[in-house]
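Report on one structure; see the data block that follows.
So you know, we letter chains A, B, ... as the sequences are listed, proteins then strands, and number each from 1.
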Amino acid sequence: MSQTLINAMADLDESVLVSEVNALKTQGVAPLEIIQNLQEGMNIVGKRYEEKEYYLSELIMSAEIFKEAAALIGGDLSGANAASHGTFVMGTIYGDIHDIGKNIVTTVMGCNGFNVVDLGVDVPTADYIKAIQEHKPQVVGISCLLTTAFDGMKECIESIKAAGLRDNVKILIGGGPCDQTTADYVGADAYCKTAQDCVEYAKKLMDIK
Amino acid sequence: MKTNAELYDERLNRIKAAVALEKPDRVPVIPVGNSFCANHLGVKPADFALDVELAHRTMLKSFTSLGEVDGIQQPVFSPYLLSFQWLSRVQIPGIDLPENVPWQVHEAEMMTTDDYDVIISKGYKYFFEDFLMNRLDNMLAKVGPVFGYTPTAIQNAKEAGVVTLSPVVLCSPYEVFCGARSMPKFMTDMRRMPEKVLEAMDIAQTQILEDSRQALRAAGCVGAWVGGWRAASEFLNPKLWERFAWPYFKQLVEMTVEEGVLPVLHMDSNWERDLERFKELPKAKCLFSGDHATDIFKIKEVLGDHMAIMGDVPAGMLALGTPDQVHTYCRKLIEGIGPKGFVLSSGCDAPYNAKPENVAAMIASVQG
């Protein structure tokens, strides 16, 4: 356990983080252990975001330096998600290429201990279905910024149901124009106004304190 | 029967009264939208996107056919304007997308960190012109006809008795750099190389202020959008916002007021945390236009005595709601935000698939 690394990750101190990762590698610390320290730092980032000490500007930086550190570590990282609360699959629905909202939510969910599968933008229904079959998530998130994407969300959720997968997942929607009326229209379980709403809904669902 | 010239004066005075925080004879209504108008009148997005005259005629006809509007916010549209404003690529229907779907901004890292050095060493004008030519495929040639047609479009609207509120769009360096670098990259730049980013922003700001002043003088317009999109309070911690966003935005607003033009503060996303700061802007000289992400009743509470407010029928309600729901919401705004210092509009654009009967309900709601 490197408190220095945890703090560097939490404080977004890139230079300390890089030198500490290199030092731990030299000492022969297992890659998985280093990653777990980083994840612990990310949990603090998530907490600070929740408490409005951090904003999107800090979330983006945290994701950036986490990626940088993971690349430095290399090696076998399998099992890094073993301690996660559960799996969250998310994408921006087809017909819409906006990614900021989706990226906020995936980062915040990652910071809060969820294993996140990010499908990207302009995601066809078939990719959601494939991801649900493959990753068996507890929660699926569908994002959009365009009201023209509402019908795509509706079709996607209907297709997930037709594929016999709807009962096993909760589906959340979000994005600029979405509200409860949208959630009702597309057949989602809930609409999330903020990324924090998504975290709280998912934690409640999985009975995580 | 009033002439169109008389109607124009009456409507302009109504808007001016609202901006001055007075109570007009009724709340003015000034819709905004582009792809909605194409969809409403059955014009293919591909044709609308590439023919500025068609876009103008479609926008004017669409809104004036749905009721008595006091004005329109913009007289023309071209997706290339979005590229020009934000230095981003835009996917165009009929070129990058099917003919019948609206355009979309395609955010990508078009500007590199080396470009900050180019701006510092060679100036923003050099960088901007080179970027338009070489990274946005000679964008100046594409937006030139749009700018060239704008005075005619404003005149057409005037002859129809309709005020063009804000035909010019001004963007701070934050918005331009964020669009060109992509939001994630720009946010990391602010942390990794803050001094260099600020130096480039200061140089850009000088040029932007000068160019914007010339644009306002040439247009002779009532108002101009001074936009805030990516610099919204909800995205940035207060220290970064204070350093990189607010001072530049404030300067642009102050310059617009100096030029005798109304700054229409087109504020997308949530600005609630920093609403108090908008009191630093000249009193009764600005129009705060939120997109529904900032609680309009909170805007009223904080800024109601300081500047007029415009908005904010949400896009989702215009697309999925009913005329009754729209009417009820609009009356709540007219009575709760107005009747003093309020202009009714949609929150940002009326979207492509807004129902025309809902836009008509919004326009009619100012009559009672």
Pairs of heavy atoms under 4.5 Å with chain A: top-ranked of P238(B), G321(B), C348(B): P238(B)

Interface moiety of E234(B) toward chain A, non-hydrogen atoms closer than 4.5 Å: backbone

Heavy-atom neighbours of R89(B) CZ exceed 12 at 6.0 Å: no

Residue K154(A) excluded, over 12 heavy atoms near NZ under 6.0 Å: yes

Which atoms of K239(B) approach chain A - backbone, side chain, both or neither, heavy atom under 4.5 Å: neither

Carboxylate-amine/guanidinium contact E68(A) R192(B), below 4.0 Å: yes

Engaged part of L240(B) at the chain A interface, taking heavy atoms whose separation is under 4.5 Å: side chain

E58(A) and M187(B), any side-chain heavy atoms less than 4.5 Å apart: no

Separation between CZ of F186(B) and OG of S57(A), rounded to the nearest 0.5 Å: 11.0 Å

Distance, nearest 0.5 Å, that separates CZ of R230(B) from CG of L56(A): 10.0 Å

Contact origin within F150(A) toward chain B - heavy atom pairs under 4.5 Å: side chain

Under 4.5 Å from a heavy atom of chain B, the part of L146(A) involved: side chain

Value rounded to 0.5 Å, distance of CG in D189(B) from CE in M61(A): 9.5 Å

Under 4.5 Å from any heavy atom of chain A - which part of A319(B): side chain

D151(A), part contacting chain B, at a heavy-atom distance under 4.5 Å: neither

R191(B)/E14(A) salt bridge by N-O under 4.0 Å criterion: no

Rounded distance (nearest 0.5 Å) linking atom CG of D179(A) with atom CG of L320(B): 7.5 Å

Heavy atoms of other groups near K44(B) NZ, more than 12 under 6.0 Å: no

Region of P184(B) in contact with chain A, defined by heavy-atom distances below 4.5 Å: both

T147(A) and N353(B) side chains, donor-acceptor separation under 3.5 Å: yes

pair R273(B)-Y55(A): side-chain heavy atoms closer than 4.5 Å: yes

Pairwise side-chain contact, N103(A) with M183(B), heavy-atom cut-off 4.5 Å (strictly under): no

Segment of I104(A) engaging chain B (4.5 angstrom heavy-atom cut-off): side chain

Point-to-point distance, once rounded to the nearest 0.5 Å, from CD1 of I97(A) to NE2 of H106(B): 5.0 Å

Over 12 non-hydrogen atoms of neighbours within 6.0 angstrom of NZ in K355(B): yes

Chain A contact via S269(B) - which portion, at a heavy-atom distance below 4.5 Å: neither

Spacing of I100(A) atom CD1 and C178(B) atom SG [to the nearest 0.5 Å]: 7.0 Å

Residue pair T188(B) / I60(A), side-chain heavy-atom distance below 4.5 Å: yes

